[in-house]
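The chains referred to below are lettered A, B, ... by the order of the sequence lines, with proteins before strands, and numbering in each begins at 1.
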Amino acid sequence: MDERYDFRKVEERWQRYWEEQKTFKVTEDASKPKYYCLEMFPYPSGRIHMGHVRNYAIGDVISRYKRMNGFNVLHPMGWDSFGLPAENAAIKHGIHPSKWTLENIAFMRDKQLKRMGLSYDWDREVTTCLEDYYRWNQWFFIKMYERGLAYKKLSYVNWCPSCGTVLANEQVEGGLCWRCGSVVTHKELEQWFFKITAYAEELLSYCDKLTGWPERVLTMQRNWIGKSIGVEVDFIVEGTGEKLTIFTTRQDTLYGVTFMSIAPEHPMLESLIKGKKQADEVRAFCQRVMREDKASRTDEKQEKEGVFTGSYAINPLNNEKVPVWVGNFVLMEYGTGAIMSVPAHDQRDFEFAKKYGLPIRVVIQNPGKGVVAETMQHAYVEDGVMANSGRFDGLSNTVSKEKIADYVEQSKLGKRTVNWRLRDWGISRQRYWGTPIPIIYCEKCGAVPVPESQLPVKLPMDVEFTGKGLSPLVESKSFRETTCPQCGGTARRETDTMDTFVDSSWYFLRYCSSKYDKAPFDKKAAAYWMGVDQYIGGIEHAVLHLLYARFFTKVIRDLGLFDGDEPFENLLTQGMVIKDGAKMSKSKGNVVDPDFILSNYGADTARLFSLFAAPPERDLDWSDQGVDGAYRFLHRVWAIVYKLSGDIKDRNPAGPQFRGDKLYRKTHLTIKKVTEDIEREFHFNTAIAALMEMVNEMYDYTSSGFSPNRQGPVLRSAIDALTLLISPFAPHFAEELWAALGGKGTIAHAAWPQYDPDAIVATEITIVVQVNGKVRSKLTVPAGTSGKDIEAAALADSKVKEFMNGKPPKKVIVVQGKLVNVVV
RNA sequence: GCCGCUGUGGCGGAAUUGGCAGACGCAAGGGACUUAAAAUCCCUCGACGGGCAACUGUCGUACCGGUUCAAUUCCGGUCAGCGGCACCA
C-alpha cells in the first residue's frame with residue numbers, strides 16, 4: 001500500500017483486473033436469486049455528461065450492493081444508436097452516420113464509461129444500429145403487421161420542418177419538436193402506425209399495479225392515455241337525413257343543446273354546406289384554420305371562432321332544430337370531430353354563444369341559488385337538479401347521466417362509448433439513419449411484408465448525405481428498386497425508417513441473450529432475468545420511452561415470447577444535474593465535463609460526490625468544492641488505514657468480547673445504517689454521511705491513548721467493515737484497501753457485512769427531560785431503567801425543579817428510552 | 001385553470017413511527033505544524049440577548065391558524081418556486 005492515495009494508479013489497476021478477470025460476466029444460474037439492474041442506455045452523442053455519470057453511479061451502487069448480497073446480478077450497457085444527430089453530422093462533416101456513431105461508441109465506452117469503474121457485463125453490449133439488432137425491429141414489425149397491430153393510413157400528422165420528418169404525438173411538447181424545439185406543423189401523409197390504442201385499457205389499468213413506480217410518472221401516463229367515458233349521439237341533419245354523430249361526457253346536458261360545432265376537417269362538411277349561401281365563407285374559414293400550425297391552433301389564448309354552415313340538425317332527445325357551426329377549437333382527432341354545444345353548462349360554449357348571439361338554455365339548476373340564462377356571467381358547471389329536460393326534470397344530474405345514457409341506447413339514438421386521448425403511435429420517419437420498414441410496394445399485390453427469410457432489410461451504405469431533397473433512401477435506386485416477394489414483378493421498397501423509440505422499446509429483453517440469432521431474444525434467458533428489478537433514468541421519458549416499452553412488452557407477451565405483463569418492476573427517476581441554479585447546458589455555459597473530473601479527481605471521487613450531494617430522485621446541485629470534499633474524504637480514509645496498517649494487519653477479528661467499546665458499537669451501527677439507507681429508497685447521501693461519521697470516530701479513537709494490543713482488533717474490524725461498506729460507492733478504492741488488508745480476490749464478490757444486534761445495544765442511554773414541552777435537562781441512565789425510575793429521576797433533577805417553579809406536576813409523559821415531559 | 005412535487009442555517013442537505021431541529025459535507029473564522037505556503041490535524045460556526053467565563057435565556061423549519069403533553073412531521077387555509085397536462089367536448 002502506497003503512503004498516498006494515487007487514484008490514477010489504483011483505478012487503472014482495478015479496471016484492468018475487472019476486464020481481464022471478467023469479474024462482472026454473468027450467466028443464468030437457477031441456484032441464485034437474480035437481480036436485473038438497468039440504467040437507460042445512452043445515445044452515443046460523442047461524450048458523456050454529468051447526467052450520465054449520476055445515472056450510472058446510482059445503478060452501479062445498486063448492482064454492486066445486490067451482488068455482495070448474494071444476487072446473480074445482470075447489469076448491462078448498450079447504445080441507443082440510431083437517430084438524427086448522426087445524420088446531421090454526416091451532412092455537416094461528410095462522415096457516414098455509421099462511422100460517426102461507431103467511433104463515438106468506442107470513445108464513450110473505452111475512454112469514458114470504462115474509466116468510471118461501472119460493473120457492467122460488457123459481453124452483453126447491445127448496439128441498436130447494427131444489423132443483428134435492427135433486424136429484430138423488422139421482425140417485430142412484420143409480426144405486428146400480421147396481427148393488424150402495424151398498419152398504414154392517410155392522416156394528419158405532426159411534421160417537424162427542421163428535422164424533416166414526421167413526429168409521434170408523444171414527441172410534440174407544447175406544439176414544439178421534442179428534439180429541436182421547432183414549431184410543429186400539420187401534414188396529411190400516408191404513414192405507418194403501431195396500434196398502441198389496442199392496449200390503452202391495459203396500459204391504463206396496469207398503472208395501478210406498478211407499485212414500484214413514482215406516482216408522478218404514473219399520473220403523467222394516466223393523463224396521457226386520457227380515458228373519458230361518455231356517449232355518442234346521432235343528430236339527423238335536416239334535408240339530407242345524414243347522421244352527424246357527436247361525443248359527449250355530459251349527456252345530462254343534452255336538453256340544453258342550442259347549437260353544434262364540427263371540426264374544419266370534418267368529412268361531412270361539404271354535404272352540410274352544399275347549396276347554402278354560406279358555402280364560400282365556410283370553405284375560406286376552414287382553409288385558414290387548417291393552414292395554422294398545431295402550436296398556435298391549440299394555444300389557449302387562441303380566439304374561439306366559428307361560422308354557421310347554413311345547415312340544421314335535429315336533437316333526438318327533444319326533436320329541436322339546432323344550427324350546425326364549424327369551430328376552430330373542435331379537434332378532428334378527438335371523439336367524432338363534432339360536438340354538441342351547451343352554453344349554459346360549458347364555459348367555452350358559453351363564450352362562443354355570447355360572441356355569436358346564440359341562445360342559452362339552463363337545464364341544470366343550482367338548488368340553492370337558481371341559474372338564470374339571461375343574467376348568468378359564466379357557465380354553470382357544477383352538479384344540480386335537472387330542468388327543461390322533459391321526463392328527467394327534478395332528478396339530480398348525476399343520476400340522469402346514467403338514465404339518459406340508458407335511454408339513448410334503448411331508443412337506438414346512440415351508444416355508450418369510451419374515448420381516449422392516446423393516439424396510435426406514428427412510427428414512419430423520412431430519414432436515413434434508422435431501421436428500414438420491411439415493406440415492399442408491388443403494383444399488383446400492394447403492400448407486401450418482406451418475408452422473414454429475407455431479413456434484415458439492410459441500410460445501404462453507398463448513399464450521399466446532401467441535406468437537400470428527400471431522404472437518401474429515396475434517392476438510392478439500388479435500395480428503392482426491388483421485386484415483389486409474392487409475384488416477382490417490379491416493386492419498390494418502403495423508404496421510410498422507424499422511429500428510434502422502437503429500438504429502445506425492447507432492448508432490455510435483448511440484454512438477456514444479446515448474441516442470440518434465432519429470435520429477438522432467448523425465451524428461456526428472458527424468463528430467468530425479466531422483469532427488470534430496478535430501472536433508473538430521467539423523468540423526461542415518462543410518457544415516451546416508458547409508455548412505448550410497456551406497450552411493446554405486452555405485444556411481445558401476446559406473441560407468446562415472454563411471460564410477463566410489464567417490463568420494469570421498480571423505476572427510479574433521478575433528478576437533473578444543475579449548476580448555478582440551471583440545468584447544465586452548453587448555451588448556459590455551466591457544463592462540467594466528466595472527463596475533467598475523472599482526470600483530476602478520479603472515478604471514485606466523481607461517484608462519491610454525485611451520490612452524496614443529494615438523494616437520487618432530487619435535482620443535484622453541482623459544487624466544485626463539494627467534489628473537493630469527497631476527494632478529501634477518500635484521502636482521509638486512506639491516510640488512517642496506511643498509518644495504522646502495522647497495528648491492524650494480522651489482528652484477529654473483534655468479537656462479542658468488545659461489546660461496549662465505542663468504535664465497535666459505531667462499526668455495527670454504521671453497518672446497520674448504511675444497509676438500511678440503501679434498502680430504503682436508495683438514500684446514498686445519508687449512507688455516505690454515516691461512513692464519514694464512522695471515519696471521524698476512528699480518528700477520535702486513535703488520536704490519544706490508543707493501545708494497538710488492546711484496541712487493534714476493534715480497529716481492524718472497523719476498517720474491514722468500512723472497506724466493504726464503501727465498495728459499492730468507491731469500488732477501485734475499496735479493492736485497493738481490500739487487497740492491502742489481505743483480502744482474497746475481488747471485493748465485488750465479497751459478502752456484505754452483517755451487524756451484530758447485541759453490539760448496538762447501548763448500556764447507557766440519554767433521556768431528554770422536557771418541562772411543558774421544552775427541553776430543560778438530560779439524564780444519563782442505564783439502559784432498561786423503568787419508566788417509574790426515570791420519572792422519579794426527572795422530577796428530582798435540579799433544572800427541572802427550577803422550571804417547575806414549585807408547582808406540582810399535572811401530568812408526566814415517559815417515552816421509553818427517549819424522553820420525559822413534565823407538564824405543570 | 002387542473003394535477004403533482006418542493007419550501008429547513010451563508011450553501012448542498014439530515015431528522016426512519018409526532019419525541020433533543022440543523023447529522024454529514026461545503027463555505028467562513030480561529031488555532032497547531034511549517035522559515036513560508038500548500039497539504040494535513042484540531043476547535044468554533046441558526047438569529048438575537050445576558051455573562052469575564054464554563055454557561056445561559058428567548059425566538060427559529062415559507063406564512064396564518066388548528067389538533068397534541070409535544071408538530072419540520074398530522075389537519076385546514078394562504079403564499080412562492082418547479083414540473084406535467086390543458087380548447088379533450
Side-chain angles (χ1 to χ4, degrees), chain A residues 4 173-174 214-224 226-228 230 246-251 253 260-261 263 297-304 327-331 333-342 346-349 351-352 419-421 539-540 542-543 575-576 608-609 612-615 617-630 632-633 635-636 639 673 676-677 680-681 683 685-696 699-700 703 766-778 809-815 817-824:
Chain A
R4 278 187 59 79
E173 296 173 345
E215 198 48 44
R216 66 174 173 152
V217 174
L218 295 174
T219 305
M220 283 161 82
Q221 293 215 349
R222 287 191 188 104
N223 243 330
W224 188 262
K227 181 180 187 176
S228 55
I246 58 99
F247 171 73
T248 181
T249 56
R250 289 300 306 273
Q251 62 272 20
T253 64
M260 299 176 76
S261 305
R297 199 171 152 188
T298 58
D299 188 344
E300 192 190 3
K301 290 185 265 312
Q302 173 88 356
E303 180 88 2
K304 286 161 194 58
N328 66 343
F329 57 93
V330 185
L331 307 172
E333 311 91 270
Y334 189 78
T336 60
I339 59 171
M340 64 181 209
S341 294
V342 187
D346 179 286
Q347 185 59 25
R348 191 188 45 204
D349 293 346
E351 285 164 23
F352 197 87
N419 251 295
W420 303 91
R421 196 183 163 283
I539 185 79
E540 66 271 18
V543 283
M576 290 184 301
L608 204 61
F609 171 72
F612 177 62
E617 67 280 2
R618 263 211 252 178
D619 284 351
L620 181 146
D621 205 344
W622 188 268
S623 142
D624 294 331
Q625 288 95 339
V627 177
D628 285 324
R632 261 201 294 274
F633 171 63
H635 276 276
R636 202 167 140 82
K673 168 87 177 144
E676 286 174 356
D677 282 351
R680 181 176 61 91
E681 323 241 343
H683 282 182
N685 56 330
T686 50
I688 293 168
L691 293 173
M692 289 171 168
E693 277 189 62
M694 181 174 160
V695 172
N696 291 344
Y699 268 77
D700 191 42
S703 62
T766 303
I767 304 285
V768 174
V769 185
Q770 297 180 332
V771 178
N772 287 336
K774 292 192 175 173
V775 180
R776 296 303 182 186
S777 184
K778 283 173 191 184
K810 201 154 73 183
K811 195 170 171 186
V812 180
I813 290 127
V814 179
V815 182
K818 269 188 185 164
L819 166 143
V820 183
N821 190 7
V822 182
V823 186
V824 295

Quiz prompt | Rounded distance in Å - CZ (F612(A)) to P (rA14(B)) | solution = 10 Å
Quiz item: Atom CZ of F329(A) and atom P of rC88(B): how far apart are they, to the nearest Å?
Solution: 9 Å
Quiz item: What integer distance in Å separates R250(A):CZ from rC87(B):P?
Solution: 19 Å
Self-check item: side-chain N/O R680(A) vs rU17(B) OP1/OP2, d < 4.0 Å
Solution: no
Quiz item: Picking from rA89(B), rC24(B), rA14(B), which would you name as closest to the side chain of A689(A)?
Solution: rC24(B)
Exercise. Between rC85(B) and rC48(B), how far apart are the C1' atoms? Round to whole Å, please.
Key: 47 Å
Exercise. Give V775(A) one of three labels, base, sugar-phosphate or nothing, depending on what nucleic acid heavy atoms sit under 4.0 Å from its own.
Key: sugar-phosphate
Self-check item: Rounded distance (Å) that lies between atom C1' of rC85(B) and atom OH of Y334(A)
Solution: 13 Å
Quiz item: Is there a donor-acceptor contact under 3.5 Å linking the side chains of S228(A) and N419(A)?
Solution: no
Quiz item: Within the pair N685(A) and rA23(B), is there a side-chain N or O less than 4.0 Å away from OP1 or OP2?
Solution: no
Quiz item: RNA chain B: D621(A) or F247(A), which has the more 5' nearest nucleotide?
Solution: D621(A)
Quiz item: Quick one: which of rA14(B), rC41(B), rC24(B) gets closest to the side chain of Y699(A)?
Solution: rC41(B)
Practice problem: Check whether any side-chain N or O of R222(A) sits under 4.0 Å from OP1 or OP2 of rC85(B), and answer yes or no. | Solution: no
Quiz item: Mind checking the P distance from rC3(B) to rG77(B)? Whole angstroms is fine.
Solution: 12 Å
Practice problem: Compute the centroid of each ring, for Y334(A) and then for W420(A), and state whether the two points are separated by less than 6.0 Å. | Solution: no
Practice problem: Spell out yes or no: do the side chain of Q770(A) and the base of rG19(B) have one donor N/O and one acceptor N/O closer than 3.5 Å? | Solution: yes
Self-check item: Gap in Å between the two P atoms, one belonging to rG25(B) and one to rA15(B), rounded
Solution: 16 Å
Quiz item: Want to know the stems of RNA chain B: at least 3 consecutive Watson-Crick or G-U pairs with distances under 3.5 Å, which are they?
Solution: B:1-7 with B:79-85, B:10-12 with B:24-26, B:28-32 with B:40-44, B:46-50 with B:55-59, B:62-66 with B:74-78
Self-check item: Euclidean distance, atom CG of residue N772(A) to atom P of rA71(B) [Å, nearest integer]
Solution: 12 Å
Quiz item: What is the nucleic acid contact for K227(A), judged by heavy atoms within less than 4.0 Å: base, sugar-phosphate only, or nothing?
Solution: nothing
Exercise. Indicate yes or no for a side-chain donor-acceptor contact from E351(A) to the backbone of K304(A) under 3.5 Å, with no hydrogens or angles considered.
Key: no
Quiz item: Contact class for R776(A) vs. all strands (heavy atom < 4.0 Å): base, sugar-phosphate, or nothing?
Solution: sugar-phosphate
Practice problem: Pick base, sugar-phosphate or nothing for G629(A), based on heavy-atom distances below 4.0 Å to the nucleic acid. | Solution: sugar-phosphate
Quiz item: Under the 3.5 Å rule, do the base of rC87(B) and the side chain of K304(A) count as making a donor-acceptor pair?
Solution: yes
Quiz prompt | Aromatic ring proximity, centroids under 6.0 angstrom, F352(A) and F329(A) | solution = yes
Exercise. Answer yes or no: is there a donor N or O on one side and an acceptor on the other, between the side chain of N685(A) and the main chain of A614(A), under 3.5 Å?
Key: no
Quiz item: Within a radius of less than 6.0 Å around CD of E681(A), do more than 12 heavy atoms belonging to other residues, nucleotides or ligands occur?
Solution: no
Exercise. Could you measure between the two C1' atoms, the one in rU8(B) and the one in rG57(B), and give it in whole Å?
Key: 23 Å
Practice problem: Please state the P separation for the pair rA53(B) and rA38(B) - nearest whole angstrom. | Solution: 31 Å
Exercise. Tell me which of R636(A) and V822(A) sits closer to the 5' end of RNA chain B, going by the nucleotide each one is nearest to.
Key: R636(A)
Quiz item: Which nucleotide in the list rC3(B), rC24(B), rA89(B) gets nearest to the side chain of T219(A)?
Solution: rC3(B)
Exercise. With heavy atoms under 4.0 Å as the rule, sort D346(A) into base, sugar-phosphate or nothing.
Key: nothing
Quiz item: Where does rG10(B) land, syn or anti, once you apply the within-90°-of-0 test for syn?
Solution: anti
Quiz item: Would you say rC87(B) has OP1 or OP2 under 4.0 Å from some side-chain N or O of N328(A)?
Solution: no
Self-check item: Value in whole Å for how far the P atom of rG25(B) lies from CZ of F633(A)
Solution: 9 Å
Quiz prompt | Salt bridge K673(A)-D677(A), side-chain N to carboxylate O under 4.0 Å | solution = yes
Quiz item: Say you pick atom C1' in rA14(B) and the same atom in rC69(B); how far apart are they, in whole Å?
Solution: 26 Å
Quiz item: Is the backbone of V824(A) close enough, under 3.5 Å, to the side chain of N772(A) for a donor and an acceptor to pair up by distance?
Solution: yes
Practice problem: Check the distance between rG12(B)'s C1' and M692(A)'s CE and give it to me in whole angstrom. | Solution: 12 Å
Quiz item: Taking atom C1' in both rA80(B) and rU68(B), what distance in whole Å separates the two?
Solution: 29 Å
Quiz prompt | Separation of atom CZ in R632(A) from atom P in rA38(B), rounded to whole Å | solution = 13 Å
Exercise. Determine the minimum heavy-atom distance between R348(A) and I339(A), stating which atoms define it.
Key: NH2-CD1, 4.1 Å
Quiz item: Does E215(A) pair with R222(A) as a salt bridge, N-O distance under 4.0 Å?
Solution: yes
Practice problem: Between rU61(B) and rU73(B), how far apart are the P atoms? Round to whole Å, please. | Solution: 9 Å
Quiz item: What about K810(A), does its side chain sit under 3.5 Å from the base of rC69(B) through a donor-acceptor pair?
Solution: no
Quiz prompt | Side-chain donor/acceptor of K774(A) to base of rU58(B), under 3.5 Å | solution = no
Exercise. Would you mind classifying the nucleic acid contact of D628(A) as base, sugar-phosphate or nothing, using non-hydrogen atoms under 4.0 angstrom?
Key: nothing
Exercise. Decide yes or no, distance alone: a donor-acceptor N/O pair under 3.5 angstrom between the base of rC69(B) and the side-chain of N821(A).
Key: yes
